[in-house]
Amino acid sequence: MSAVAMMLGGLLIDAALGWPDRLYARIGHPVTWLGRAVSAAERRLNRGTRARRMAAGAVVCAGVVALAAVPAALVQAALPGGWIGVTLGAILAWPLIAARSLHDHVAAVARPLMAGDTGGARAAVAMIVGRDPAQLDTAGMGRAAIESLAENASDGVVAPVFWGAVAGLPGIAAYKAINTLDSMIGHRNDRFEAFGKVSARLDDVANWVPARLTGLLFSLASGRPRACLSVMRRDAPAHRSPNAGWPEAAMAAALIIRLSGPRIYGDRVADEPWLNGTAGDPVPSDMDRALALYRCAMALGALVLALWALALL
């Protein structure tokens, strides 16, 4: 029960507070601490033949995951029993859940987009997606932000809470390490393809269940679950990612819009298939609808955690 209750408490603290800017300015954030370790290791070890870089990347992956999980396991073992331990565990889990910051970053795109401020919207989109915002029209910015909301609902909220509920503080810490590794070195380019291959594949495995759970939460929260589940089953397997297509397809079906499709990364055009392609492009007001669906789905997830915790009493 305690691990599930810890994750519920961490989720509720994050939803209420996020990670305050003053706290970030003073001590940073656990993900940035891990990021510094990944960057230092990559600069020193990502060299030589492809086989050597792949082996070095595997060692770095294992080391960074251990760096996160082992101290978390020791801390959890030292926690007192009962609700005092649960409360302390919830506080420790809080920084590793990104429910509030994800909402705020997408809302920062929604506000200028709905006000007709395309320049402000492009600047906000650039903070959350990798594609060139200068190439995006209003519909493109809406798609990019809503896709980021759907995918990161899984990566930033459901997945860490899921692994924390399954394995406690070591589970959530290990997951955040895996996800940080993937976001930094799990890219398919000349520099990272070999070095980050193990990290990228491990991230795919770690997100397999959470991505589908997130799609299910969006479907149930939408009020039209049958349609959402149908679009997920049909379109998600064609997505470039083995996981991101599930929450994105559910979001697209819930809002009755199309997502994904061709996009520009630097000087490269990625001809991606559409999700819910028979629907139209999002309009600015769909941003508010997407955020409302996200809030409802995360609240439904919190309710599931609460029922799970009660069942374990």
Side-chain angles (χ1 to χ4, degrees), residues 14 18-21 24-25 28-29 31-32 34-36 38-39 42 97-157 176 179-192 196 200 203 239-241 243-245 247-248 251-252 255 257-272 274-275 281-295:
D14 180 74
W19 190 247
D21 290 340
Y24 181 84
H29 187 275
V31 170
T32 65
L34 287 170
R36 285 195 289 270
V38 174
S39 293
E42 190 272 333
I97 303 169
R100 179 66 176 265
S101 65
L102 173 59
H103 183 280
D104 291 349
H105 276 92
V106 176
V109 180
R111 287 190 296 269
L113 201 61
M114 294 177 67
D117 178 9
T118 56
R122 282 196 179 93
V125 164
M127 301 295 292
I128 60 173
V129 301
R131 67 198 77 166
D132 182 4
Q135 304 290 334
L136 299 176
D137 57 11
T138 297
M141 286 187 282
R143 284 198 305 272
I146 293 172
E147 289 163 18
S148 181
L149 178 65
E151 180 179 0
N152 286 294
S154 176
D155 292 0
V157 186
K176 291 304 290 187
N179 192 241
T180 301
L181 283 157
D182 179 65
S183 67
M184 295 184 68
I185 63 173
H187 306 295
R188 295 178 180 176
N189 56 32
D190 291 342
R191 178 174 176 179
F192 294 119
D203 185 75
H239 197 276
R240 68 191 183 281
S241 164
N243 296 317
E248 289 182 20
M251 177 73 81
L255 301 178
I257 59 173
R258 64 178 184 174
L259 294 175
S260 193
R263 72 276 309 280
I264 297 173
Y265 293 98
D267 58 356
R268 180 175 64 88
V269 177
D271 189 18
E272 305 289 349
W274 291 102
L275 300 172
D281 284 321
V283 297
S285 61
D286 288 324
M287 297 289 297
D288 261 356
R289 296 174 58 226
L291 287 165
L293 179 65
Y294 167 76
R295 291 191 297 268

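Numbers here simply count residues along the sequence, with the first being 1.
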[X] side chain near [Y] side chain, heavy-atom distance below 4.5 Å:
| X | Y | result |
| --- | --- | --- |
| Trp274 | Arg143 | yes |
| Arg191 | Glu42 | yes |
| Met141 | Thr118 | yes |
| Tyr294 | Val157 | yes |
| Phe192 | Met184 | no |
| Leu291 | Leu149 | yes |

Working to the nearest 0.5 angstrom, can you tell me the gap between [X] [atom1] and [Y] [atom2]?
| X | Y | atom1 | atom2 | answer |
| --- | --- | --- | --- | --- |
| Asp203 | Leu181 | CG | CG | 9.0 Å |
| Met127 | His105 | CE | NE2 | 5.5 Å |
| Arg258 | Leu275 | CZ | CG | 11.0 Å |
| Asp281 | Thr138 | CG | OG1 | 10.5 Å |
| Ser260 | Arg240 | OG | CZ | 5.5 Å |
| Leu102 | Glu151 | CG | CD | 10.5 Å |

Mark yes or no for whether [X], through its side chain, and [Y], through its backbone, hold a donor-acceptor pair below 3.5 Å.
| X | Y | answer |
| --- | --- | --- |
| Trp19 | Ile97 | no |
| Asn152 | Asp155 | no |
| Asp14 | Ala99 | yes |
| Ser39 | Arg36 | no |
| His187 | Asn189 | no |
| Asp137 | Gly140 | yes |
| Thr180 | Lys176 | yes |

Taking all non-hydrogen atoms of both residues into account, name the closest pair between [X] and [Y] and its distance.
| X | Y | result |
| --- | --- | --- |
| Ala108 | Ala124 | O-CB, 3.4 Å |
| Ser148 | Val129 | CB-CG1, 4.2 Å |
| Leu113 | Ala121 | CD1-CB, 3.7 Å |
| Asp288 | Met114 | OD2-CE, 3.4 Å |
| Val125 | Ala144 | CG1-CB, 4.3 Å |
| Ala150 | Pro247 | O-CB, 3.4 Å |

### Message
Is there a side-chain contact (heavy atoms from CB on, under 4.5 Å) between Tyr24 and Thr32? Walk through the geometry before answering.
### Response
CA-CA 10 Å; Tyr24 181 84; Thr32 65; 3.6 Å; yes
### Task
Sort out for me which residue in Glu147, Glu272, His239 forms a side-chain contact (heavy atoms from CB on, under 4.5 Å) with Leu259.
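Checked Glu147, Glu272, His239 against Leu259; only one passes side-chain contact (heavy atoms from CB on, under 4.5 Å): Glu147.
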### Message
Between Ile146 and Met287, is the side-chain contact (heavy atoms from CB on, under 4.5 Å) condition met? List the steps.
### Response
CA-CA 7 Å; Ile146 293 172; Met287 297 289 297; 3.8 Å; yes
